[in-house]
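Taking it in order: structure first as structure tokens, then the write-up.
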Amino acid sequence: MSSASRKSLLQQPLNRRLDSVQKVERRGRASSSARQLNVSHDDAYTYALRVAYLHYLLQPKAKRKQFVPAPKPPTRAYTSRAVVLFNEFIPGNSTGNVKLPHGFRGPLEKRMTGVLMGTERLPGYTDSAVRRTFGEAYTAFTSAAFRKSIDKDRKIEPLLMIFFSAAEKACKATAADRPGDESWRLLIDRHVAMFVRLLSNILQGMGSDRDKPELMSRLRTLENKLLTNDQNLFVDTGQSDGTHIEVVVPLSYDVKDMHMVQVVARIFGLSNSDVQSHIDAQRPNWTEEAALKDLKSYQHRLNSNLSGALRSQDFDIEEAYQDWKKAEGPYLSQMILDILTAKPELAKTSSGSQPGLDKPLPTSPTSGYGEDQAYSDLSRALASPDSGLGLDHSLSFGSMSLDDTSSIRSVDEAHYTFIPPDPRAFLKTIVKYAMEFDAMHGDVTEEVGPFSKSTNELLTELCVYWRIPQFTRLVICLEVASGRFLDTLFTVLDLDTVFDLVKIPPPENKKPPRIYLYNESLGTIDRSQWTVHDFAVYQQTLNALHDALLRELYDTFMHCYEPKPPSVGPVLHVLQNQIYADPNFARKEQDMESYKAAMRDGLKAQAEIAYRGYLKAEIPESQEDWDFNHVVQLGKSVVKLCERIKKRYRSNPEVMGVNPLTILVETMFPSFEDDAHVIVKRIIEVAKERGEEFGSQDGFDLYKELVEIRRIHRSSLPDTPFTFDIEELLINFVWRWIENAEAFTDNLVENAIKQDQFQVRSLGEGHITLDSERHSFSIIDIFKSFNQTADQIFQLEWDNDVHHARFMTTLAKVFANGIAKYCEIVDTRFVKEMDTPRMNQEEAVTTTQTTQGKFMKYAKDAWNTKEKVEPFQFYSESLVKLNNIEYAMQELDKLERSMNVDACAAVLDKAEGPKKQLKRPTKYVFTIKIVEAEDLKACDPNGTSDPYVVLGDEYQKRLAKTRVIMRNLNPRWDESVDITVTSPINVVATIWDYDTFGDHDFVGRTSLKLDPKHFSDYLPREFWLDLDTQGTLLLRVSMEGERDDIQFFFGKAFRHLKRTERDMVRKITDKLTSHINASLSQEALRSLLGRGILQSAQILWKRQSKVPALTDVEIENALHSLFAYFNDNFAIMKQTLTEATMQAVMTRLWKEVLMAIESLVVPPLSDKPSSQKPLTERELEVVYKWLGMLFDFFNARDEDGEVLGVPAEVLKSPKYHELASLNFFYFESTEQLIHTSERMAAATAQRAQQAMTTQLSSGQNRLSAPASFGGFSGAAAGPSFASMGTIRRGKSIMMSRNLGTMRRAKEEKRKEAQADPNDDMILRILRMRSDAADYLKFRHRQKERQAAHAAAAMIVKQSASQGWNGGVGRGGVPRR
């Protein structure tokens, strides 16, 4: 566009377009002032037929091949030379050199058979005439007489002569139908020559070309002479009978040969005969000459800006008109050239102006034409060789003027033969009929948009001859499609197809039709190039379609809540991509807002209708018939509809700014929530009146549906709260389910144990049992039930953290009680199995021996003074029970993590706040650890006892019982028991001596009062209780408040498991302890060092000043029986125990070893002197070597250095380090030991004071005593006991709530023992020094004062911080 045109367009923005839209009169092509014509069916048909018929006239003429016979050749005489040549080259008497070789007849007959069968490999022998000749000769050759002759004489002459006679006979027969034709005689020589060639080839194949050169030479010469008349044996030399030439097929003027005319007939519903009659009647008028005259007239009006063609005022800007006009000139020239090419004689009449050219053109398109010679000069020019316009050359208009108006100067009005008065109106009408016809009968595979291929070709031809631009054609197509859509004859998809047709450029055509901008579309043609009328029509069409599409969208969208609604996608696609994306369409925001409001109101009404339908279908009319399932089904229907709407409109949540899901939720959910709340409450009320209860699963199903609805409600209506609290309404169903789970757990534990055989779950013989298969089904079933119970709550996804935390707390209590019950039953069975007497192998054999055999056995034992120690026969089911406990700890730890215990506790702390702090516990848990006893009364004849402790209350109810320590007056049990109390209780500890037969002997008794008030500081205490006979008993007591706390319950469960495991392991190790104590005793040590009386006498006799040192081998041999005993027992246990359990057993055995060595070296801790004597240097050296050897044994490694036993870091326990450090103080003087003890005591007191100061200043509330704090022995402790010893941090239940806290507590204990050395070992050494008795009493009183001071300071601090209100700590625990 030029700058001037652009400036004009900017100065007058679409004024002419708007004016043209507002005016009633619209510029037409025939006349700018003529109104739109109403084109009839017949008029549209006749003009479409004219163009289709003209297309038939101007199409390239077809050509065909025509046969022209050749002239008959002159008759000539033919003779054969074969006989003459035979006589000349092959004499009658053949010599030996020219005779055929022996056996020649066989290959000859075989090759001739191949010729007859068509399998001969040489070329030229497949011709039918040749095969016929060879057939005649084969018949003669295969006669018996000829075979005999040829085999005898082997002459070649008979072969040639017989073949010549056969060839003559066969060739003559082929010319029997052509009398007088002697040409067949030449074929004789040719066929004979081919026979001679075959003979030569056979001889060559037999190798005779070397043996008979003369014969081969004669045959080659004969072949060449015979080929004089025919040198090529492979090509037939017969003459052609004629030739073919191309000739032009004349026009038939029959409708069956007019494809486009047939298309017109189908569109307008006429038969071929009717159309044929119309064409026959108008053939004189519908001629090429009339078409040429139409083009000349159109070209004249185009150049003169006259009516009958588009003019300047039809365009918005002048530049667009000039571009169109400039493009029309070449198109018109090509069209005129096409006419002259089709009928060259018309060019002879157009070379100059003749008188006949002054005759005016017909005034009516339907009138006839006379004999017009106006173009005679043009015809002569085309025929003249000098003009260069012949048919064999490209036509040129250089010698003629297309601007010449002499032939049309008398035409006053634009009347044409092939062009209608209003081409646009006529094309629109034809497009209507064509679109309707193709919609009903079109072939989908050949459609071009809404038109078939044939229809599209017709419309293109109409636009070419009526000179309709491409944009006009496309606007008409869209206008007609819009009308059909408004009349509901087109769907939205059909309309979208039309839009694509008019807006997407067509495929590039290398030879496009002669239409202005044919390869463009409405989307690529600049609007300034359109006519004003087309632009106005296009805008009106878009507005009409917009209104219709909005109505279609509304009607379709109102069905969106139905199960299978119609899709709004096509309508939205057309609106968004075809209407709104068009720059010529302008939306009115005010109208769109009104439309959106109407859409919302309509959808709201439809949502109400849908909900009423669901309510009627799912909820019974009678309230007495209501059930939870009805609410669930109603909720499912609502949710299902919401999910369906959400899924359906996932990609486009809003339709024209309206969200159907939001409207559905806004309308349906409040109604459902109100109805559901009322219905559920009414159902519960009716159930209470009837005394019925609903199952928990019904409540869970209802909860899930309500929660799903609430989730959709919150996501769609974030600012609108849900109508009611679902959790508060349905919480009782969860509590009822938990109560049922608790009862089920009690029965499950008992039934699982009853049905369990406690055997390793082996897969058969030869299978290596894995650790995962070494526990039995009872514990698996129990924890499977625990996990399923917890998962049931997890799956609810209860949307109230406080409720969920309380659920988990109650479940933790259920699990803890179940585990406690399991541990109790399993431990009871385990103890019973372990205490069952075993017979060793020899005893089993003895029971089956005779009296004589038994006597021999006794005699043998009498001579054998060495006692053989047999391993203990552990039952497999007993060891499996221990594996079950270890498995339970691992599974409980997983369950603790899955239940997120710490988070639940934090939620309850935050929710309850001060209320929880003010809540006092109603139960307290006392943990009593029975540590050891000293100086017990000997009840057995051997001067020892087999003591065990029984704890009972003041009503003689047994609370606990320890294991039996065999043959020991200073036993150490290290067993703990938990006692739950609600008020003070007196605990009585009675020590008994175990006897295998008869009643057990009484050893001694003491008592202890457990009052929660006396343990309000929650510090652990140690009590040395004096027995009423002789000796003392050491008890360690700590207290915790029984809490309704999830961490507490898990800690309680873990403590049950850990104590059960410890008791089982200790029960196992007790079976081995006696041999450990015997191997590591004073007697064993003296036996090793003394070497008997004889060896001592020898030393004195020889007056040796030094006793010989023991070798390492001798020291190790002293432990040989112990190592063998360990190995035998370990082999039995490894068959059943898991790796972790086996390590626990070995670790406990190592502890027994350390305790045995410790008791060998020093007495237990006490404030009284001991009668035990210290070891000598030689004895202590042997003991430490034993310790090192035992360490290496338990830390066994393979060849690669991998640890097979207990890891070194486990073996190096605090007890091990204490024994290792004992060597530094053992032989020091009493004064030095006292000095070292005082220095270490001062340092310990200083660290304790600093820790207390830090703790008080930080306001910590610890649940157990800090490190190195002594017990509190105030008046409340009672007069019957005294406290003694340093107490480390107690193992509270809270510190045992999972394996992680247990590991951390154990590691802290180890670190504290290493970082805070004490003087306990020094005090134990001093007990063996008689001169240290006073210091022992002083040190004991000093520890009591330190512990009392620390406890008092803590109580004062807590009282001051609480205002002396007696507050309680976290979880109901009184603060310190």
Side-chain angles (χ1 to χ4, degrees), residues 48 51-62 258-264 267 291 295 298-299 302 310 320 323-342 394-395 418-419 423-424 426-428 430-431 434-435 438 442-481 496-527 529-531 534 538 578:
V51 174
Y53 176 68
L54 178 61
H55 175 75
Y56 171 72
L57 295 178
L58 299 182
Q59 66 182 351
K61 302 300 185 293
M258 305 176 187
H259 173 68
M260 192 168 290
V261 171
Q262 295 177 15
V263 174
V264 174
I267 291 176
L295 293 179
Y298 177 82
Q299 192 272 344
L302 175 65
L310 291 177
D323 291 341
W324 169 79
K325 181 177 179 181
K326 182 178 179 181
E328 283 290 277
Y331 289 153
L332 291 174
S333 300
Q334 292 295 328
M335 292 173 67
I336 293 174
L337 181 59
D338 292 342
I339 295 175
L340 297 179
T341 302
S394 299
L395 296 179
F418 294 96
I419 304 176
R424 194 184 192 285
F426 274 78
L427 180 63
K428 179 180 177 181
I430 296 172
V431 168
M435 197 174 289
D438 285 341
D443 187 0
V444 179
T445 59
E446 296 184 356
E447 285 187 357
V448 182
F451 304 110
S452 65
K453 183 178 180 181
S454 301
T455 303
N456 193 62
E457 292 175 352
L458 172 64
L459 297 179
T460 301
E461 202 68 20
L462 293 175
C463 293
V464 169
Y465 285 100
W466 294 354
R467 305 311 306 143
I468 295 179
Q470 178 72 358
F471 48 80
T472 302
R473 174 190 178 183
L474 298 179
V475 170
I476 290 173
C477 181
L478 183 61
E479 183 182 4
V480 174
D496 185 56
T497 302
V498 175
F499 266 111
D500 291 341
L501 174 68
V502 302
K503 288 191 173 184
I504 299 177
E508 185 178 356
N509 195 338
K510 295 182 179 180
K511 192 176 181 181
R514 299 178 180 92
I515 299 177
Y516 180 55
L517 301 176
Y518 176 78
N519 286 328
E520 302 289 337
S521 66
L522 295 183
T524 58
I525 302 175
D526 190 86
R527 299 297 190 269
Q529 294 182 306
W530 296 14
T531 62
D534 288 332
Y538 185 70
Q578 309 293 4

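A quick note: this is a predicted structure, and the numbers were derived from the prediction, not measured. The chain is numbered in sequence order, starting from 1.
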Got a list of side-chain donor-acceptor pairs under 3.5 Å for residues 509-516, not counting sequence neighbours?
residue: N509; atom: OD1; partner: K511; partner atom: N; Å: 3.0
residue: R514; atom: NH1; partner: D338; partner atom: OD2; Å: 2.7
residue: R514; atom: NH2; partner: D338; partner atom: OD2; Å: 3.3

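Looking at L57 and Y53, their side chains come closer than 4.5 Å, going by heavy atoms from C-beta outward. In this structure, the side chains of R527 and Y538 come closer than 4.5 Å at one or more pairs of heavy atoms. Residues Q578 and D500 form a side-chain contact, since some pair of their non-hydrogen atoms from C-beta on lies under 4.5 Å apart. Looking only at side-chain heavy atoms (C-beta outward), I267 and I430 stay at 4.5 Å or farther from each other. At least one side-chain heavy atom of R467 sits less than 4.5 Å from a side-chain heavy atom of Y331. Between R424 and I468 there is no side-chain heavy-atom pair separated by less than 4.5 Å. In this structure, the side chains of C463 and T460 stay at 4.5 Å or more apart for every pair of heavy atoms. Looking at heavy atoms from C-beta onward, Y465 lies out of side-chain contact with F418 at the 4.5 angstrom threshold.
Taken to the nearest 0.5 Å, the CZ atom of F451 stands 5.5 Å off from the CG atom of L459. Interatomic distance, N519 CG to L517 CG, rounded to the nearest 0.5 Å: 9.5 Å. Here CD of E461 is found 7.5 Å from CG of L54. Values are rounded to the nearest 0.5 Å. Going from atom CG of L458 over to atom NZ of K453 covers 14.5 Å, rounded to the nearest 0.5 Å. With rounding to the nearest 0.5 Å, the separation of NE2 in H55 from CE in M258 is 11.5 Å. Interatomic distance, CG of D323 versus CD of Q529, reported as 6.0 Å (0.5 Å rounding).
For the residue pair L58 and A342, the shortest heavy atom distance occurs at CD2-CB, 3.7 Å. Residues D438 and P450 come closest through the heavy atom pair CB-O, 3.6 Å. In plain terms, the two heavy atoms of D534 and T531 that are nearest each other are OD2-OG1, 2.8 Å. When all heavy atoms are compared, the tightest approach of K325 to L302 is CE-O, 3.4 Å. Minimum heavy-atom separation, S521 to V502: CB-O, 3.4 Å. The shortest non-hydrogen separation linking C477 to L501 is SG-CD2, 3.9 Å.
Applying the side chain to side chain donor-acceptor pair (under 3.5 Å) test to E520 and every residue at least two apart in sequence or in another chain returns T524.
Atom NZ of K326 is surrounded by 12 or fewer heavy atoms from other residues, nucleotides or ligands within 6.0 Å.
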Practice prompt. Starting from the C-alpha separation in whole Å, work towards a yes-or-no answer on side chain to side chain contact (heavy atoms under 4.5 Å, CB included) for Q470 and L522.
Written response: CA-CA 9 Å; Q470 178 72 358; L522 295 183; over 6 Å; no

Discussion item. Could you walk me through whether E328 and Y298 satisfy the side chain to side chain donor-acceptor pair (under 3.5 Å) test, starting with their C-alpha distance in whole Å, then the side-chain angles of each, then the deciding distance to 0.1 Å, before giving a yes or no?
Written reply: CA-CA 10 Å; E328 283 290 277; Y298 177 82; 3.0 Å; yes

Discussion item. Pair M335, I339 - check side chain to side chain contact (heavy atoms under 4.5 Å, CB included), show working.
Written reply: CA-CA 6 Å; M335 292 173 67; I339 295 175; 5.8 Å; no

